[in-house]
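Take a look at the structure set out below.
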Amino acid sequence: MMTALSRSIVVTACLILSCFIVTNARIPSTLDGPFGPVTVPFGHSLRGNAVDLPDDDPRVRRCVRGFEPEQISLSLSASHDSVWISWITGESQIGNNIKPLDPKSVSSVVHYGRLRNPLNHKASGYSLVYNQTYPFEGLQNYTSGIIHHVRLIGLKPDTLYYYRCGDPSIPAMSEVYQFRTMPDSGPKSYPKRIAITGDLGLTYNTTTTIGHMISNEPDLVLLVGDLSYANLYLTNGTGSDCYACSFAHTPIHETYQPRWDYWGRFMQPLVSKVPMMVVEGNHEIEEQAGRQTFAAYSSRFAFPSEESGSYSSFYYSFDAGGIHFIMLGAYVAYNKSADQYKWLERDLANVDRSVTPWLVAAWHPPWYSTYNAHYREAECMRVEMEELLYSYGVDIIFSGHVHAYERSNRVYNYMLDPCGPVHITIGDGGNREKMAIRHADEPGNCPEPSTTPDEHMGGFCASNFTSGPAAGKFCWDRQPDYSAFRESSFGHGILEVKNETWSLWTWYRNQDSQSKVGDQIYIVRQPDLCPVRHTQPRSWSAFR
């Protein structure tokens, strides 16, 4: 017979459970979808000029002396037991008579440990210098400071470590910083919060994005391309609002590489403590003499390329707890005969979903964006790779490039599909090129098919749809069914994986208070209904 006390306990438990259900019922999940398309009207007050941080802003000025480390950053290796630490020593140079520093003149050393004092472990790495040169009269050349990369190994999972970096023989060492390793890979082990954004630049909008991101206390930062926008400046430092038209007087687009140094200094307070993983965007191409490209991108960041078997800075993979991340390159060959595609096949085949249930991919230009800007620009990449990613059950795909926010329903080959991934466009970090506000499905906004390819994407694959509501047309005449939510605002997102089947995605707008949510949904995996290697899309009716 139930006592009064036991009845009270049961009633209390039921009330707590009811409260939990009611509270969480306010957040939809993909199990409730597909959702009818939603467009949040654009707030014209947000269209103000995107103002760059000036060269003399304290957050971008060089504050160290001699060969003391600056622009310190962390990045992950392929698994929790290894982390890369990167930094720069010495001053960069820009002008007509640059003299590169000798990278061997300063050592690359990290002292680290689980106690702040003493730091009883030591690791050494390698250093390099890169140049950005132009064989044209009137353009200034650039040479970087000495860039150092050191890999720490043998680390314990989900553990706080302290470190100092530099050259102890000069001596020129940094202050003591700290970071926490990723949890061990497993179906019940996840980083608490992963911050994601793209197309950052270095404007006052950027400072709001990063400020809000820091307040959300992420354990990992994912940046999906277009980082410093150094290529929007002449070599004299003058900014340009028009990437396509302001460089007509030079044979190739010049860049102002000191913007990379400004960006590294600005980001240091966050990424010296929280690992940052990046993938290249079109603004990282930065062509120079000899048709060399991506020099700054490939030199300034450390990538788990060798550890993940890609041996390329343009595509790689890594684990963060029970999540396997795949970072893909849209500006390097991706066709089925290319090295990237063959690597992707191997990487996907080696993923053990009992250990890392979640499979997340990221690259720069989106496949499913309904904005006029860059509309269907990455169609060649989608045609080559979508079936492979679908067959292995990729859960979420993050992209940037379009300076706005958009979340799709689960989609495959432009059709609603409960086994397709959720595509999220998050190119809203705050760069100087302003927001994308026009939609391709609005009257007069559908671009001519011949204008859609990006010169860097390789080919022309987008054509009129042959089936569905947009059959015979290049654009839909309404917001497409696969587009669940879109809004033109700057911001960032936070991914919180709760367990092997549920994750919470939250998008925060810059113009809101830090606690207000712009978009939120539980993304739910259905491994029993969507096993890997399916090549035929399923119908929603089988799941309702």
Side-chain angles (χ1 to χ4, degrees), residues 52-57 59-64 67 69-73 86-103 106 127-149 199-203 206 223 225-241 243 246-247 249-268 271 276 278 280-303 313 331 431-433 456:
D52 280 322
L53 290 185
D55 297 2
D56 59 355
D57 189 287
R59 290 167 288 187
V60 305
R61 292 177 61 187
R62 188 173 187 267
C63 300
V64 298
F67 288 95
E70 65 158 350
Q71 302 180 52
I72 301 168
S73 65
S86 305
W87 69 95
I88 295 180
T89 56
E91 292 194 58
S92 62
Q93 305 163 48
I94 187 165
N96 298 320
N97 298 299
I98 60 173
K99 184 178 180 180
L101 297 171
D102 179 5
V106 182
S127 58
L128 69 144
V129 166
Y130 81 90
N131 303 316
Q132 187 83 16
T133 59
Y134 304 98
F136 310 116
E137 185 177 351
L139 302 190
Q140 301 183 74
N141 296 327
Y142 171 91
T143 184
S144 71
I146 301 172
I147 302 170
H148 305 262
H149 299 299
D199 301 73
L200 268 174
L202 194 55
T203 70
T206 310
L223 300 182
D226 284 2
L227 306 174
S228 75
Y229 284 81
N231 69 337
L232 286 190
Y233 304 82
L234 308 180
T235 58
N236 64 8
T238 302
S240 168
D241 288 329
Y243 174 77
S246 292
F247 301 88
H249 62 289
T250 61
I252 57 178
H253 292 326
E254 54 195 286
T255 82
Y256 186 62
Q257 289 293 297
R259 297 296 302 186
W260 275 108
D261 296 308
Y262 301 164
W263 192 86
R265 292 166 191 149
F266 173 78
M267 294 295 290
Q268 178 178 307
V271 300
M276 169 182 65
V278 303
E280 75 277 7
N282 56 299
H283 284 275
E284 276 73 68
I285 295 174
E286 297 186 322
E287 184 182 352
Q288 58 172 299
R291 302 186 66 85
Q292 184 181 358
T293 54
F294 294 104
Y297 169 81
S298 298
S299 301
R300 290 176 177 268
F301 303 103
F303 305 92
S313 60
Y331 304 98
N431 68 84
R432 66 173 296 151
E433 289 186 315
H456 308 294

pair L232-E433: side-chain heavy atoms closer than 4.5 Å
yes
In Å and rounded to the nearest 0.5 Å, what is the CZ to OG distance from F266 to S228?
13.0 Å
For L234, is there any backbone N or O sitting under 3.5 Å from a side-chain donor or acceptor partner on E254?
no
D55: which residues meet the salt bridge (Lys or Arg N to Asp or Glu O under 4.0 Å) condition with it, sequence neighbours left out?
R259
Between E287 and Y134 the two heavy atoms that sit nearest each other are O-CE2, 3.8 Å
Please output the side-chain donor-acceptor pairs of residues 91-101 that fall under 3.5 Å, not counting sequence neighbours, one pair per line with the distance.
residue, atom, partner, partner atom, Å
S92, OG, D261, OD2, 3.2
Q93, OE1, K99, N, 3.0
Q93, NE2, K99, O, 2.7

Taking only residues two or more places apart in sequence, or in another chain, which ones meet Y142 in a ring-ring contact (aromatic ring centres under 6.0 Å, His included)?
Y130
Across all chains, not counting sequence neighbours, the side chain to side chain donor-acceptor pair (under 3.5 Å) partners of T293 are none
L128 meets the side-chain contact (heavy atoms from CB on, under 4.5 Å) criterion, sequence neighbours left out, with Y126, I147, H149, S299
For R61, what residues pass the side chain to side chain donor-acceptor pair (under 3.5 Å) criterion, not counting sequence neighbours?
none
Using the six-membered ring wherever Trp is involved, compare the ring planes of Y262 and Y256 and label them parallel, tilted or perpendicular (cut-offs 30° and 60°).
perpendicular
So does N431 get a backbone contact from the side chain of D199, meaning a donor-acceptor N/O pair under 3.5 Å?
no
Over all heavy atoms of both residues, which pair between Q288 and T133 is shortest? Give the atoms and the distance, please.
OE1-N, 2.8 Å
With sequence neighbours left out, what residues match V106 under side-chain contact (heavy atoms from CB on, under 4.5 Å)?
F67, T89, I146, H148, D167, I170
Within the 4.5 Å heavy-atom criterion, are V129 and N131 side-chain neighbours or not?
yes
Kindly indicate whether the side chain of E70, heavy atoms from C-beta on, has any atom under 4.5 Å from the side chain of R265.
yes
Specify the closest pair of heavy atoms between T203 and R432, including all atoms of both residues, with the distance to one decimal.
CG2-N, 3.6 Å
Euclidean distance, I285 CD1 relative to H253 NE2, rounded to 0.5 Å:
9.5 Å
Considering all heavy atoms, the nearest W263-M276 contact:
CH2-SD, 3.9 Å
Give me the atom names and distance for the closest heavy-atom approach of P103 to S127.
O-OG, 2.7 Å
Which atom pair, heavy atoms only, marks the closest approach of G281 to E284?
N-OE1, 2.7 Å
Taking side chain to side chain donor-acceptor pair (under 3.5 Å) as the definition, give me every residue that meets it alongside N141, ordered by chain and number, with sequence neighbours left out.
none
With sequence neighbours excluded, tell me which residues meet side chain to side chain donor-acceptor pair (under 3.5 Å) with D57.
R59
With heavy-atom distances below 4.5 Å as the criterion, would you say the side chains of Y229 and D52 are in contact?
no
Which residues share a ring-ring contact (aromatic ring centres under 6.0 Å, His included) with F294, sequence neighbours left out
F314
side-chain contact (heavy atoms from CB on, under 4.5 Å) partners for E286, two or more places apart
Q132, A230, N231, T255, Q257, W260, A296
Under the side-chain contact (heavy atoms from CB on, under 4.5 Å) test, which residues partner S313, sequence neighbours left out?
Y297, S298, F303
